[in-house]
Amino acid sequence: MKFFENKFTYDYSFPAVSLAYFLRYPNPYSRHVLTTDVIDRYVDPKTERLHTLRLHLKKSKVPSGILKLLPKGMGGSDSSGQSYILEKTIVDAKEGWMETESRNMEWTGILSVVEKQHYQRLASENRLAVDSLAIDQGAEQTTVKTTVTFRSRLGQGKLLGRKKQETGDNEEEEPRKGFFSSLSTAGIQRTIELIGVSRTKEAVLKSKQGMNIVLERLRSGGVVGVLEGMREDRDAAFGPEGPWKRVWLQGKDRSIDNDKS
């Protein structure tokens with residue numbers, strides 16, 4: 001199991017940052033996000049905290065570095081590169097904090113990735129009212145601590161199954177083989193986890209850049225400015241010249257040809 005941790009401070013108020021978080025897809029640094037759906041959302045009557053459960057569909061595939069470590073075909077084909085991310089959030093507007101948890105739904109046996117974030121309003125003598133959006137840059141600051149946990153279970157199921165079958169004359173020889181096999185498997189698991197850490201460093205940087213763009217859109221144009229930016233980003237990804245639009249059209253043409261045949 002590997003961990004990655006990062007701390008960052010936004011020069012924007014907590015209400016603005018928390019709103020930007022929910023409006024962050026798509027942006028120029030996250031055009032790989034295809035859809036976002038709210039599964040559940042409610043306000044706890046006792047704590048008055050907002051709970052949200054969302055599902056993101058992203059263009060994604062097993063990294064080439066990990067594919068080299070897997071048996072042929074185990075990572076799926078390159079053309080099937082889509083994955084779901086489950087996201088849970090809790091927002092306390094009064095206390096000025098937000099907790100998030102995101103986890104992958106595919107390839108969890110190869111690599112399970114759980115990202116947790118804690119957003120916190122920084123106290124300030126000149127802080128604006130809590131119910132104010134306060135989107136002017138520098139009016140208030142919000143810190144965020146990101147912790148990502150990586151865990152690979154590749155090969156564990158097979159090893160456990162082999163141990164259960166160890167009987168008879170092979171009683172001494174088989175455990176010895178299992179021991180060396182576990183060493184090899186553990187090495188592959190650690191390598192996969194390290195690849196995940198390396199990719200996450202770049203992803204966290206892009207996430208900050210994307211959030212800053214959404215925050216700037218909020219500052220300059222409000223929610224309307226953010227929605228207009230979303231439209232432009234969708235057009236860039238799905239418009240006539242966008243890569244996903246071309247893939248969709250190719251798939252539609254094939255479907256029509258199959259129906260005719």
Side-chain angles (χ1 to χ4, degrees), residues 8-45 47-59 84-102 115 117-124 126-146 203-239 242 244-245:
F8 184 74
T9 300
Y10 290 101
D11 291 326
Y12 292 89
S13 69
F14 172 75
V17 171
S18 56
L19 177 60
Y21 181 86
F22 288 105
L23 297 176
R24 72 193 190 280
Y25 294 141
N27 64 68
Y29 293 95
S30 68
R31 289 173 178 167
H32 63 293
V33 179
L34 307 179
T35 61
T36 294
D37 295 290
V38 177
I39 300 176
D40 188 28
R41 175 171 283 163
Y42 66 93
V43 175
D44 189 311
T47 63
E48 297 184 353
R49 293 169 180 168
L50 175 66
H51 295 250
T52 304
L53 182 65
R54 298 198 297 178
L55 191 66
H56 305 291
L57 177 61
K58 299 186 178 183
K59 177 180 178 293
Y84 285 100
I85 305 296
L86 188 66
E87 173 198 274
K88 301 177 183 178
T89 61
I90 303 176
V91 182
D92 191 313
K94 289 185 176 181
E95 296 182 6
W97 59 263
M98 176 173 68
E99 291 183 348
T100 75
E101 179 185 294
S102 301
E115 177 186 285
Q117 291 185 302
H118 181 82
Y119 292 80
Q120 181 69 55
R121 179 181 61 219
L122 280 181
S124 172
N126 299 320
R127 183 174 60 82
L128 300 182
V130 173
D131 59 352
S132 171
L133 190 57
I135 57 178
D136 289 337
Q137 189 172 14
E140 185 181 311
Q141 290 184 319
T142 303
T143 62
V144 54
K145 179 181 178 181
T146 302
V204 168
L205 175 60
K206 289 184 177 181
S207 176
K208 293 176 187 176
Q209 294 170 324
M211 278 284 287
N212 276 320
I213 286 179
V214 176
L215 284 164
E216 175 58 27
R217 289 172 176 173
L218 267 177
R219 187 192 66 79
S220 60
V223 175
V224 174
V226 175
L227 296 177
E228 179 62 23
M230 284 182 172
R231 186 190 63 78
E232 294 175 357
D233 292 325
R234 286 196 181 97
D235 287 344
F238 299 95
W244 280 99
K245 182 69 172 182

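Small disclaimer: the values here were computed from a predicted structure and weren't measured. Worth knowing before you read on, the calculation uses all heavy atoms, side chains too, and leaves out hydrogens, waters and symmetry mates. Each residue takes its place number in the sequence, starting with 1.
Using a 4.5 Å heavy-atom cutoff, the side chains of Lys206 and Gln209 are in contact. Between Leu215 and Asp11 there is no side-chain heavy-atom pair separated by less than 4.5 Å. Residues Thr146 and Glu115 form a side-chain contact, since some pair of their non-hydrogen atoms from C-beta on lies under 4.5 Å apart. Residues Asn212 and Tyr10 are in side-chain contact: their nearest non-hydrogen atoms beyond the backbone lie under 4.5 Å apart. A 4.5 Å side-chain heavy-atom check between Thr36 and Phe22 finds every atom pair outside the cut-off. Annotation: side chain of Met230 is in contact with side chain of Leu227 (closest heavy-atom distance under 4.5 Å).
Remark: side-chain polar atoms of Gln120 are not paired, donor with acceptor, to backbone N or O of Thr142 under 3.5 angstrom. For the pair Arg121 (side chain) and Glu140 (backbone), a donor-acceptor distance under 3.5 Å is absent.
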Item to check | Pair Arg49-Asp44, salt bridge (Lys or Arg N to Asp or Glu O under 4.0 Å): steps then yes or no | outcome: CA-CA 5 Å; Arg49 293 169 180 168; Asp44 189 311; over 6 Å; no

Item to check | Evaluation steps, side-chain contact (heavy atoms from CB on, under 4.5 Å), between Tyr29 and Arg24 | outcome: CA-CA 10 Å; Tyr29 293 95; Arg24 72 193 190 280; over 6 Å; no

Checklist entry - Hey, mind stepping through Leu55 and Thr35 against side-chain contact (heavy atoms from CB on, under 4.5 Å) and telling me if it holds? => result CA-CA 8 Å; Leu55 191 66; Thr35 61; over 6 Å; no

Item to check | Test side-chain contact (heavy atoms from CB on, under 4.5 Å) applied to Val33 and Ile85, step by step | outcome: CA-CA 10 Å; Val33 179; Ile85 305 296; over 6 Å; no

Item to check | Residue pair Asp92, Phe14: steps toward the side-chain contact (heavy atoms from CB on, under 4.5 Å) verdict | outcome: CA-CA 10 Å; Asp92 191 313; Phe14 172 75; over 6 Å; no

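Between atom CZ of residue Arg217 and atom CG of residue Leu23 there is a gap of 11.0 Å, rounded to the nearest 0.5 Å. To the nearest 0.5 Å, the span separating CZ on Arg54 from CD on Glu87 amounts to 4.0 Å. Interatomic distance, OH of Tyr25 versus CG of Leu57, reported as 12.0 Å (0.5 Å rounding). The CG atom of Asp40 sits 6.5 Å away from the CG atom of Leu53 when rounded to the nearest 0.5 Å. Separating the CG atom in Leu34 from the NE2 atom in His32 is a distance of 8.5 Å, to the nearest 0.5 Å.
In this structure, the side chain to side chain contact (heavy atoms under 4.5 Å, CB included) partners of Thr100, at least two apart in sequence or on a different chain, are Tyr21, Thr89, Met98, Gln117, Tyr119. The side-chain hydrogen bond (donor to acceptor under 3.5 Å, both in side chains) test applied to Thr52 returns Arg41, not counting sequence neighbours.
Between Trp97 and His118, the ring-plane angle classifies as parallel under the 30° and 60° cut-offs.
Annotation: Phe8, atom CZ; neighbour count of heavy atoms from other residues, nucleotides and ligands within 6.0 Å is above 12. Environment of NZ in Lys208: crowded, with over 12 heavy atoms of neighbouring residues, nucleotides or ligands closer than 6.0 Å.
Between Ala16 and Leu218, the shortest heavy-atom contact is O-CD1, 3.7 Å.
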